2 protein chains.
Amino acid sequence: MALHRTGTVSAAAAQLHYGQPTISHHLRRLEVETGSVLLQRVGRGLRLTPDGERLAIRGAEVLALLARAEAELDASTSLQAGQVRLAAFPSAAATLVPAAVSLLARRHPGLGLDLVEAEPPEAAAMLRAGTVDIALTFAYPDQPEADGVTSVTVHEDQLSLVVPRALDPGDGPVDLADFADTRWVTGCERCRGELLALCELAGFTPQIAFASDDYVAVQSLVASGLGVTVLPGLALRAHLHPDVARRPIGGAARAIQITTYGAPPHPAAVEAVAAVLTEVSVA
Amino acid sequence: MALHRTGTVSAAAAQLHYGQPTISHHLRRLEVETGSVLLQRVGRGLRLTPDGERLAIRGAEVLALLARAEAELDASTSLQAGQVRLAAFPSAAATLVPAAVSLLARRHPGLGLDLVEAEPPEAAAMLRAGTVDIALTFAYPDQPEADGVTSVTVHEDQLSLVVPRALDPGDGPVDLADFADTRWVTGCERCRGELLALCELAGFTPQIAFASDDYVAVQSLVASGLGVTVLPGLALRAHLHPDVARRPIGGAARAIQITTYGAPPHPAAVEAVAAVLTEVSVA
DNA sequence: GCATAATCATCGATATGATCGATGTACGCC
DNA sequence: GGCGTACATCGATCATATCGATGATTATGC
């Protein structure tokens, strides 16, 4: 290519900051390797044959492609571009994620975020499969950490008792035992376990009337007097039915975690997303 | 790319017939060179980050481009493709070149020929400038060879006296002196010199009435009785006016040459064109 | 729960190949 | 015909790609 640009081997060598014999050597090797006639001695100079010229043009195309790849990589490294795939559970997707997206857009305008809704075990599987790069998960105190993934707690999500407005127990410490005879509604399967544990601690076994992992549906059921439930803060932040009352349950909380897969260092874009998620969580 | 295909460093090494540490080394160097996080240790294995995966895809594109360039070169070397640019003077363009094109099409169907009409000095300049790869030229015996180019004579082109049919001198040796008092028509500038030399040899100086390098026009002038002329065999093979008669002039001929520039070896496609041009010339 | 197998990182040694400076050869120019 | 320019060749040197052996870490199987 340098020979094509400059016309002489010496000039090509100068342009590439090499010695002249080096270029001669390279050209000879290229001819041997391709088995083609690329050069022709003409007078005291050298000229590219049509084949040689075509090869020089192809070479320029290759270098352009490499430059483009390098530019893409640089843009990604400098957080000017890139797409991060995030898995989040529903109540976080409705609260933390929108806040994070807004903050991310302000801080790194070129960075994009792909959101997938997934419950924690599903999210861990997606991390392992490489479907997503990072996940927002939650865990209850006694639950074992999912296998292979790394979780960092960024927020303690207070659990609250949720009752029909008419049954509001008022301020002060909540005693779940007051609702031992009431019918109960529970959320997802994992939350059900926590609910049972809390009630057992209060000295009774709740009568489960209905179960749904949709926190809007659960609140509607409570509002219409079908029972009471326990919901985490994020779910209530996302949506609070006007006809229900909420009272924090002392010492009951779930941990909101940022979960990743594999050992650091993580790509800069992933770290940037982790940073904004952390910020919007502690706030 | 091999890592992207196989999933593990060891498998990639096996596929590339390299040792495992070699691949590890390459990957590490690539990360340092790009300054990006391309890999992530995960369990006892290794995984490409999104950036790494994109780079692997770009690499495949680069390799595809290189393969395409190599295929082009191979096709050209094996005479399955290529374009050869040929300069030829008008009477050869009308006679030898069509025959050569036909033979070339039969022998190397993939090879293409670009024809440019050019008189010999012009053709030599085009060879030097690299505008054409090979040329058909002619030269009169006493003319010096053009500078820098290499010419090989492939045909002796007999010169003939061309007269109006009414003045046909009949068979037997032609004596130009018989036409000393006739008006003369001459061809191109270089042919004019040869005509003057022939006439001087015959003992007279011709009276030039008209000059043109168009052999069709010249024959028309002769046919209409405006004078007589000398034309080479190729011009008469290309076009013979019905109202003129032709008689070979003993010992008078021009050399038809294949002319190239620069030292051998020439590209295979150029040699192939030279071969067919030689064959159709001797026939 | 412990042994085993698998995977990748590190290290030192080797060999291949790139690069350079010096020199030789061919050509054009004055 | 001498001189300068341009490329080819040669031998020496240096960088680096590669390998085998080994170590660290993790998943798997009994």
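Since this is a predicted model, take the numbers as computed values, not measurements. All chains are named by letter (A, B, ...) in the order of the sequence lines, taking the proteins before the strands, and each is independently numbered beginning at 1.
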Residues forming a salt bridge (charged side-chain N to carboxylate O under 4.0 Å, His left out) with A:Arg107, sequence neighbours excluded: A:Glu279
Positional range of nucleotides in DNA chain C within the contact set of chain B, heavy-atom, under 4.0 Å: C:dA5 to C:dT10
Other residues, nucleotides, ligands: >12 heavy atoms within 6.0 Å of B:Tyr18 OH: no
From A:Thr259 atom OG1 to A:Ile134 atom CD1, the distance as rounded to the nearest 0.5 Å: 8.5 Å
Members of residues 4-14 of chain B that approach DNA chain C, where some heavy atom sits under 4.0 Å away: B:Thr8, B:Val9, B:Ser10
salt_bridge(B:Glu72, A:Arg54) N-O dist < 4.0 Å: yes
Test item: side-chain donor near acceptor, A:Gln20 and A:Ser10, under 3.5 Å: no
Nearest heavy atoms of B:Ala253 and B:Tyr140, plus distance in Å: O-CD2, 4.0 Å
Any donor-acceptor N or O pair under 3.5 Å, side chains A:Ser76, B:Asp51: yes
Ion pair check, A:Asp114 and A:Arg85, cut-off under 4.0 Å: no
Find every protein N or O atom lying less than 3.5 Å from an N or O atom of nucleotides 17-19 of chain D, and list the pairs.
unit_1 : atom_1 : unit_2  : atom_2 : d
D:dA17 : OP1    : B:Arg29 : NH1    : 2.8
D:dA17 : OP2    : B:Arg29 : NH1    : 3.2
D:dT18 : OP1    : B:Tyr18 : OH     : 2.9
D:dT18 : OP2    : B:His26 : NE2    : 2.7
D:dC19 : OP2    : B:Gly19 : N      : 2.6
D:dC19 : OP2    : B:Thr22 : OG1    : 2.8

Intermediate values then yes/no, side-chain hydrogen bond (donor to acceptor under 3.5 Å, both in side chains), A:Gln257 and A:Thr137: CA-CA 5 Å; A:Gln257 310 167 315; A:Thr137 57; 3.2 Å; yes
Interatomic spacing from CD1 in B:Ile258 to CG in B:Leu277 - rounded to 0.5 Å: 4.5 Å
All ring pair (Phe, Tyr, Trp, His ring centres under 6.0 Å) counterparts of B:Tyr261, not counting sequence neighbours: none
B/S/- contact track for nucleotides 25-30 of chain D, protein heavy atom under 4.0 Å: -BBS--
Pair B:Glu31 + B:Arg28: basic N to acidic O under 4.0 Å: no
